[in-house]
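Report on the structure given below.
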Amino acid sequence: MNGNHIHLTLNIWRQETPSSKGNFEEYKQNVSPDASILEILDEINNHLEAEGKRPIAFESDCREGICGTCGLVINGHPHGPLPKTATCQLHMRNFNDGETLYIEPFRAAAFPVIKDLIVDRSGFDKIQQAGGYVSFNTGSAPDANNILIPKQIADLALDAAECIGCGACVAACKNSSAMLFVAAKVSQFALLPQGQSERYERVQAMVKVMDENLFGSCTNTYACEAECPKGISVSNIARMNREYIVAQLKTEELAH
Amino acid sequence: MGWFTTFTRSSIGKKFIMALTGSLLMIFLIIHFIGNMMLYFGPKAFDTYVDTLETIKPLIRVIEVLLALIFIFHIYNGLKLWYENKKANPKKYAVNGSRENTDIYSRTMAITGVTIFVFLIIHLSTFWATFNFGVHPNTEYPYYTIVTHWFQNPFYSLIYIIGMIVLGYHLNHAFESAFQTFGWNHKRYTPLIKKIGTIYALILAIGFASIPIYFFLMGGK
Ligand code: HEM
Ligand code: SF4
Ligand code: FES
């Protein structure tokens, strides 16, 4: 252990069950500036377990900013105060000695707390199942670059495809709107030739499921874009609005 | 459900109605603004303008009904969205980060909207009611006299000034937001649209508010 540790006061949300009230518990911790916030939680959990107490429940998987499971709200910011950074990539060197942090779960009616910092994000799965796919015939692998896609279009589609489905956009939004997430998924396919066959049914189906799952609507405050760890642009939301409006004119009714 | 009902009940459809009605209201405000500016050209100019409107009264009545409907749709939908969005987000964070990730104009649309609604009621029940159904003062230019008379009251003038500041806040976000809702977002033009929206909001808010200030300072002349 070297001497450049910083001292932090961590107020962490503890909630035993989905229906229990929950409250902040304070943990005073000396941390290495090189540790990530999840590693600090691991450390606290080691202490808690050693004392025979219940460890803090939180989610993580890849710990390299690509799987989207690790979202926490740190001092009012989903994935913490650093822009374009997932919680697992947030290191303690971004905080000052003596600072107090509030760590809490995503809060939205659509994302109920399961335990401590873990929320149920199955609303996103339902939206994805409604249209976040493309249909194609199986068989022998097609030749690479068989379908020509202009570079600019490919870039836009790949920018949208960067979305890791973490839900920070919902957590950041004062309306708990899922528009940025859904817009990213809709855009990614609407832009590419492979997505054309289901293009207008997709946007209608995904918006329908989004509306049914307690997500709010968009007031264009753009908190989502500011907090998104992948910097997904709100221009995707405009594209989805466009797609949705055009879909009304193209298809009389949603084909079931 | 037909596609139209599906659309108007969807989150995007409701926003589309907000943007459409809001845009129509923004166009109306420009016309209203130009009319008000006649006050600065003296009693004769203003009363001639109002008298001209009187000669096309049937048309004005039709427009008034349309305007009322547009307002009702906008307000009803706005309050509905506000309620639904509150329900979607019932719990607040211990630390509020919204100051760092949003601007105040977009965050306060519902509260500025409701304030404008209160102002609208005051405005209609005084000016509009007096112009249309009130006893007109027995002067050469009655409409001009009514305006200068009302704005001698400091409280009444203050309500107007506050109302216009709040309107400016609403419009500053509304202008740009309507473009986004219609699906018009562009790398190059969106920053320009935001600037135009701010200029629009500033001109309208300052221009409208200048009237009660000017006539209050003039002491009823
Ligand atoms: C002259 C008056 C008004 C004008 C020109 C106006 C214009 C607009 C415009 C253009 C929008 C943006 C729509 C969008 O985001 O796509 C908007 C949003 C909104 N307006 Fe108004 N408005 C006016 C009065 C009112 C009033 C009286 C209310 C009363 C409740 C109101 C409530 C709202 C709300 C709540 C929103 C945000 C909706 C949302 O994004 O969730 N507005 N307004
Ligand atoms: S849009 Fe951004 S914040 Fe929202 S789910 Fe995708 S990666 Fe997360
Ligand atoms: S743990 Fe996978 S993104 Fe953070």
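What you are looking at is a predicted structure, and each value in this text was computed from that prediction instead of being measured. Numbers restart at 1 for each chain; the letters A, B, ... are given by sequence-line order, proteins then strands.
Here B:Arg107 contributes atom CZ and A:Thr219 contributes atom OG1; the two are 12.5 Å apart, rounded to the nearest 0.5 Å. We find the CD-NZ distance between A:Glu104 and B:Lys92 to be 11.5 Å, quoted to the nearest 0.5 Å. Put simply, CG on B:Asn85 and OG on A:Ser177 are 7.5 Å apart, with the number rounded to the nearest 0.5 Å. Considering NZ of A:Lys174 and CG of B:Asn96, their distance stands at 12.0 Å, rounded to 0.5 Å. The NZ atom of B:Lys187 lies 7.5 Å from the OG atom of A:Ser233; values are rounded to the nearest 0.5 Å.
With a threshold of 4.5 angstrom between heavy atoms, A:Phe111 does not approach chain B through any atom at all. Neither the backbone nor the side chain of A:Val246 comes within less than 4.5 Å of any heavy atom of chain B. Only the backbone of B:Phe182 comes within less than 4.5 Å of a heavy atom in chain A; its side chain stays farther off. Of the atoms belonging to B:His173, it is side-chain heavy atoms, and not backbone ones, that fall under 4.5 Å from chain A. Contact of B:Ser177 with chain A is made through backbone and side chain together, with heavy-atom distances under 4.5 Å. If you measure heavy-atom distances from B:Lys91 to chain A, the contacts under 4.5 Å come from both the backbone and the side chain. With a 4.5 angstrom heavy-atom cutoff, B:Lys14 does not touch chain A via any of its atoms. Of the atoms belonging to A:Tyr102, it is side-chain heavy atoms, and not backbone ones, that fall under 4.5 Å from chain B.
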Intermediate values then yes/no, side chain to side chain contact (heavy atoms under 4.5 Å, CB included), B:Glu84 and A:Asn175: CA-CA 8 Å; B:Glu84 287 170 357; A:Asn175 304 339; over 6 Å; no
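Other residues, nucleotides and ligands contribute more than 12 heavy atoms inside 6.0 Å of the CZ atom of A:Phe24. The neighbour count for B:Phe133 CZ, taken as heavy atoms of other residues, nucleotides or ligands under 6.0 Å away, is above 12. Within 6.0 Å of OH on B:Tyr160 lie more than 12 heavy atoms contributed by other residues, nucleotides or ligands. Atom CZ of B:Phe33 is surrounded by more than 12 heavy atoms from other residues, nucleotides or ligands within 6.0 Å. By the 6.0 Å contact criterion, CZ on B:Phe73 is open, its count of non-hydrogen atoms from other residues, nucleotides or ligands being 12 or less. Counting non-hydrogen atoms of other residues, nucleotides and ligands closer than 6.0 Å to OH of B:Tyr40 gives a total above 12.
Side-chain atoms of B:Asn89 come within 3.5 Å of backbone atoms of A:Cys173 as a donor-acceptor pair (strictly under, hydrogens ignored). Proximity of a side-chain donor or acceptor of B:Tyr93 to a complementary backbone N or O of A:Arg107 within less than 3.5 Å is detected. Not a single donor-acceptor pair under 3.5 Å links the side chain of B:Ser11 to the backbone N or O of A:Asp211.
Ranking B:Lys87, B:Met109, B:Glu176 against chain A, the residue ahead of the rest is B:Glu176, based on heavy-atom pairs under 4.5 Å. In terms of non-hydrogen atom pairs under 4.5 Å with chain B, the most contact-rich of A:Val73, A:Leu214, A:Val207 is A:Val73. Contact count against chain B (heavy-atom pairs under 4.5 Å) is highest for A:Arg242 among A:Met179, A:Arg242, A:Glu243, A:Glu225.
Side-chain contact between B:Ser10 and A:Tyr244: present, with at least one pair of heavy atoms (C-beta onward) separated by less than 4.5 Å. Taking 4.5 Å as the limit, some side-chain heavy atom of A:Met240 sits within range of a side-chain heavy atom of B:Ile12.
For the residue pair B:Gln180/A:Asn220, the side-chain donor-acceptor check at 3.5 Å is not satisfied.
No option in B:Phe4, B:Phe16, B:Phe7 other than B:Phe7 meets the side-chain contact (heavy atoms from CB on, under 4.5 Å) test with A:Gln248.
Listed in order of number, the residues of residues 75-90 of chain A that approach chain B to under 4.5 Å between heavy atoms are A:Asn75, A:Gly76, A:His77.
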